[in-house]
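Single-structure report; data block below.
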Amino acid sequence: MSTIDENCEIDVEEILDKINSYFGFVPKIFQVLSENPPVLKAYFDKMEVMMVDDVLPPLTKEFVSIGAAAALGSSHCLNTHLEVAREFGASPEQLLLAIVLGTTITETTALSKSLRTYEEFVGP
């Protein structure tokens with residue numbers, strides 16, 4: 001579906017500059033995706049919509065991202081969002097709480113599923 005002409009119309013450098021201006025660097029996923037401009041643009045467009053939406057302040061978005069990255073065990077994403085949150089003024093205590101909240105949800109989910117299975121196994 002994509003053509004070489006479509007790739008030429010996508011300004012990869014402009015996208016990478018926008019990413020760099022938000023994060024302060026270009027995360028690895030965007031570096032690799034830049035090899036396929038249509039995919040880079042699609043992924044960036046989705047991210048940009050969420051990042052420019054002012055319903056949540058930027059630091060709150062970073063706390064959500066930190067919690068999610070911690071819950072998923074994604075160290076690269078966690079490092080990225082810790083760095084951005086720190087640039088937005090987050091304290092070490094706030095960063096730690098975001099991690100603990102995210103990982104607590106993961107723990108609670110595992111425990112909830114396991115206890116339901118346990119109850120089914122042992123019966124009433």
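Scope of the values below: all heavy atoms of this structure, side chains included, with no hydrogens, waters or symmetry mates.
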For the student: nearest non-hydrogen atoms of T106 and A71, plus distance = OG1-CB, 2.9 Å

Aromatic plane relationship, F88 with Y22 - under 30° parallel, 30 to 60° tilted, over 60° perpendicular = perpendicular

Can you tell me if T109 uses its side chain to pair, donor with acceptor, with the backbone of I105 under 3.5 Å?
-> yes

Do F30 and N20 have side chains that get closer than 4.5 Å, going by heavy atoms?
-> no

Using a 4.5 Å cut-off on heavy atoms from C-beta on, say whether the side chain of I19 contacts that of F25.
-> no

Within the distance-only criterion (no hydrogens, no angle test), does the side chain of N79 pair as donor or acceptor with the backbone N or O of S75 below 3.5 angstrom?
-> yes

4.5 Å side-chain heavy-atom contact, F23 and E87 | no

Is it true that atom CD of Q31 has more than 12 heavy atoms of other residues, nucleotides or ligands lying nearer than 6.0 Å?
-> yes

Side chains of E48 and K18 in contact at under 4.5 Å (non-hydrogen atoms) | yes

Ionic contact status for R86 with E83, cut-off 4.0 Å | yes

Side chains of I15 and L40: does their closest heavy-atom pair fall under 4.5 Å?
-> yes

Is a donor on one side and an acceptor on the other found under 3.5 Å between the side chain of T103 and the backbone of I99?
-> yes

Does any non-hydrogen side-chain atom of L16 lie less than 4.5 Å from one of E13?
-> yes

Please answer whether the main-chain N or O of M51 pairs with a side-chain N or O of K61 as donor and acceptor at a distance below 3.5 Å.
-> yes

Is the side chain of E14 donor-acceptor paired with the backbone N or O of D11 at a distance under 3.5 Å, no angle test?
-> no

T117 (side chain) donor-acceptor with K113 (main chain) under 3.5 angstrom | yes

